[in-house]
Protein chains: 2
Amino acid sequence: MITKDFLCGRLRDALTETESQALEAAVHEVIEVPARTTLVKRGEKIDKSYYLVDGFMIRYLQDRGGYRQSAGIQVAGDWVDLHSFPMKRLDHDVATLGPVTLAVFKHEQLEKLIGAHPRLARIMWFSTLLDAAMHREWVFRLGRLNAEGRIAHLICELARRLEFVGRFDGEYLDVPLHQADYAEASGISAIHANRTFRLLRERGLIANREDHVGLTILDRAELEKIGEFDGDYLYGEGQLELSEPY
Amino acid sequence: MITKDFLCGRLRDALTETESQALEAAVHEVIEVPARTTLVKRGEKIDKSYYLVDGFMIRYLQDRGGYRQSAGIQVAGDWVDLHSFPMKRLDHDVATLGPVTLAVFKHEQLEKLIGAHPRLARIMWFSTLLDAAMHREWVFRLGRLNAEGRIAHLICELARRLEFVGRFDGEYLDVPLHQADYAEASGISAIHANRTFRLLRERGLIANREDHVGLTILDRAELEKIGEFDGDYLYGEGQLELSEPY
DNA sequence: CGCTGCATTGAAATATCTCAATCAATGTGG
DNA sequence: CCACATTGATTGAGATATTTCAATGCAGCG
């Protein structure tokens, strides 16, 4: 089941068996893409959308100096650029972080899908609004928190979202982000991100992994505190009532 | 015509005469709300959405100290909380800046509307995605620009969006924002916003109005340069092809 | 007149950036 | 197997940006 993680932990029971199968059948192809590959460039005309089956991707804008600002990180179960379906054009780039598995949906096919299953249109709309809610939280994160809080908040968000799709055990956060990626997502320099990580380590909140991939969360409560993290914006299970299409 | 500014300058020709009239007929009531009033609180269960006929509103998150971070400013022609239609609950607060005129749409009524006119659903989806695009740009603005750039960028965004709905003449930007509002939207202290405005004035980019609120834009090109502003993310006229529902 | 809300200024404290360098792990070619 | 390049993490020190605290100015208003 390729799309089993879609909205998992949020709208787990949202899709009927029929809808779920229809969605699955609408997959055009499944592809593997290596790490650090830009898949969609800003401004391109788009006729397909990607659903992230497994792995991590990043959506980013660029400043005039070529520096990136990440606008969101996508994890398994996310649509990466579903908004290109109504909009037909992206205002940002999309790239892989580690190696990923993607399901490709042709827009043409999506039209047929939601024509046959109107509730799916509503659910996809909801899914893009979830992205918007995360964007708002990032605005908050960048606008109101210092470097320490920003990184803590990001770690908490990743932990919570990975939990939703059964990929976080409460301790080992298996993400392929480098310190520079945290920096790009947090609006700080890579060097300052490094110092901030040291601080978080020294305070006993996180620890590096021996193998240097991912990190260990030691004190999640404290991370949530200094990151002012409250996961409500992720509209987790039980916090949501999806409206029904007419 | 209450909804005449909806997506103006973007999807000017998107609505057929029939759809336009149906939308207009779906208005439950039109209300006036005084300045500085919080209309929707985070977490509330919602069964209606507001369309901003005239005036300015703000959407904001709050940190643990009670300080606000604005996540977006709404101008005439915007839906303020249309995303509450699929989501039923907001993750942020919504308040008026100056006095506003609002059209109220019951969600129940919106269901009927888009049931009868499926393209309107797609257009509303698009409208919420436009908000998301603006959120992303704000993430960029806060993550990559310094105080001067952030304020310049915000001024440019307001100018462009007001232009879209025929409310900016190229010089006098008639917005009811205080310096503290710019600060809350820019992730800086009100005092630093003040110093930044002085800087922009001294550089001849803007000027205060003697009698009115709002400000005069003297050098828009330079503002766009230091704000690294490129309005593409607003999906203005000619930059968009709306996909057609099945 | 004395409020009140907003804009303004100065000065010291803090946060963050930039530049320059080092270190550790990994991979590659000879 | 070693020499070397590369990548990411780390550290120090000085420069810059921003905050905080404390105070003043200024206009409208009951």
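In what follows, every chain begins at residue 1, and chains take the letters A, B, ... in the order their sequences are listed.
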Participant: Rounded to whole angstroms, how far apart are CD1 on I206(A) and P on dA9(D)?
Facilitator: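 To the nearest whole Å, that distance equals 12 Å.
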Participant: Please set out all donor-acceptor pairs under 3.5 angstrom arising from side-chain atoms of residues 183-193 of chain A, sequence neighbours excluded.
Facilitator:
residue: S186(A); atom: OG; partner: R141(A); partner atom: NH1; Å: 3.3
residue: S186(A); atom: OG; partner: Y182(A); partner atom: O; Å: 2.7
residue: S189(A); atom: OG; partner: H192(A); partner atom: N; Å: 3.1

Participant: Enumerate the residues from residues 55-71 of chain A whose closest heavy atom to DNA chain C is under 4.0 Å, giving them by residue number; use none for an empty result.
Facilitator: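 Listed by number, there are none.
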Participant: Sort and list the pairs that fulfil salt bridge (Lys or Arg N to Asp or Glu O under 4.0 Å) and have at least one residue in residues 130-140 of chain B, not counting sequence neighbours.
Facilitator: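 Applying salt bridge (Lys or Arg N to Asp or Glu O under 4.0 Å) to every pair that reaches into residues 130-140 of chain B, excluding sequence neighbours, yields D91(A)-R136(B), R59(B)-D131(B).
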Participant: For salt bridge (Lys or Arg N to Asp or Glu O under 4.0 Å), just list the numbers for D78(B) and R161(B), CA-CA rounded to whole Å, side-chain angles, deciding distance to a tenth of an Å, and then say yes or no.
Facilitator: CA-CA 10 Å; D78(B) 290 346; R161(B) 290 169 65 190; 2.7 Å; yes
Participant: Give the rounded distance in Å between these two atoms: CG of L199(A) and C1' of dT11(D).
Facilitator: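 From L199(A) CG to dT11(D) C1': 14 Å.
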Participant: Which whole-number value in Å describes the distance from Q179(B) CD to dT8(C) C1'?
Facilitator: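 Whole-Å distance recorded here is 8 Å.
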Participant: Does N194(A) place a side-chain N or O at less than 4.0 Å from the phosphate oxygens OP1/OP2 of dT10(D)?
Facilitator: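 Answer yes for this pair, as a side-chain N or O of N194(A) is under 4.0 Å from OP1 or OP2.
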Participant: Between P on dA24(C) and CG on N208(A), what's the gap in Å once rounded to a whole number?
Facilitator: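 Those two atoms, CG and P, are 15 Å apart.
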Participant: For R195(A), which residues count as a side-chain hydrogen bond (donor to acceptor under 3.5 Å, both in side chains) partner, sequence neighbours excluded?
Facilitator: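 Here no residue qualifies.
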Participant: What is the distance from OH of Y182(B) to P of dC6(C), rounded to the nearest Å?
Facilitator: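 It works out to 15 Å between those atoms.
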Participant: Expressed in angstrom and rounded to an integer, what is the separation of L142(A) atom CG from dA15(C) atom C1'?
Facilitator: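 Rounding to the nearest Å, CG of L142(A) and C1' of dA15(C) are 15 Å apart.
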Participant: Between protein and nucleotides 27-30 of chain D, what N or O pairs are separated by less than 3.5 Å?
Facilitator:
none

Participant: Not counting sequence neighbours, which residues clear side-chain hydrogen bond (donor to acceptor under 3.5 Å, both in side chains) with D230(B)? List them please.
Facilitator: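 For D230(B), the residues satisfying side-chain hydrogen bond (donor to acceptor under 3.5 Å, both in side chains) (neighbours in sequence not counted) are R42(A).
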Participant: What pairs with R198(B) under side-chain hydrogen bond (donor to acceptor under 3.5 Å, both in side chains), at least two apart in sequence or on another chain?
Facilitator: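 R198(B) satisfies side-chain hydrogen bond (donor to acceptor under 3.5 Å, both in side chains) with no other residue.
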Participant: Please confirm whether the shortest side-chain N or O distance from R201(A) to OP1 or OP2 of dT10(D) is below 4.0 Å.
Facilitator: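 Result: yes.
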Participant: Without decimals, in angstroms, what is the distance between E184(A) CD and dG8(D) C1'?
Facilitator: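 Spelled out: CD on E184(A) to C1' on dG8(D) is 14 Å.
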Participant: Can you name the side-chain hydrogen bond (donor to acceptor under 3.5 Å, both in side chains) partners of R150(B), sequence neighbours left out?
Facilitator: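 side-chain hydrogen bond (donor to acceptor under 3.5 Å, both in side chains) check on R150(B) returns nothing, list empty.
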Participant: Restricting to ring pair (Phe, Tyr, Trp, His ring centres under 6.0 Å), what partner residues turn up for F56(B), sequence neighbours left out?
Facilitator: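 F56(B): no ring pair (Phe, Tyr, Trp, His ring centres under 6.0 Å) contacts found.
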Participant: Please encode protein proximity along nucleotides 18-25 of chain D as a string of B, S and -, counting only heavy-atom distances under 4.0 Å.
Facilitator: SBBBB---
Participant: Which residues satisfy the ring pair (Phe, Tyr, Trp, His ring centres under 6.0 Å) test with H135(A), sequence neighbours excluded?
Facilitator: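 For H135(A) there are no ring pair (Phe, Tyr, Trp, His ring centres under 6.0 Å) partners, ignoring immediate neighbours.
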Participant: Applying ring pair (Phe, Tyr, Trp, His ring centres under 6.0 Å), name anything that partners F105(A), two or more places apart in sequence or on another chain.
Facilitator: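 Only W79(A) meet the ring pair (Phe, Tyr, Trp, His ring centres under 6.0 Å) criterion with F105(A).
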Participant: Can you tell me how far P of dT6(D) sits from CZ of R36(A), to the nearest Å?
Facilitator: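 Taking CZ of R36(A) and P of dT6(D), I get 19 Å after rounding.
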Participant: Kindly compute the distance separating NE2 (H83(A)) from OG1 (T128(A)), expressed to the nearest 0.5 Å.
Facilitator: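 H83(A) atom NE2 to T128(A) atom OG1 measures 9.0 Å (nearest 0.5 Å).
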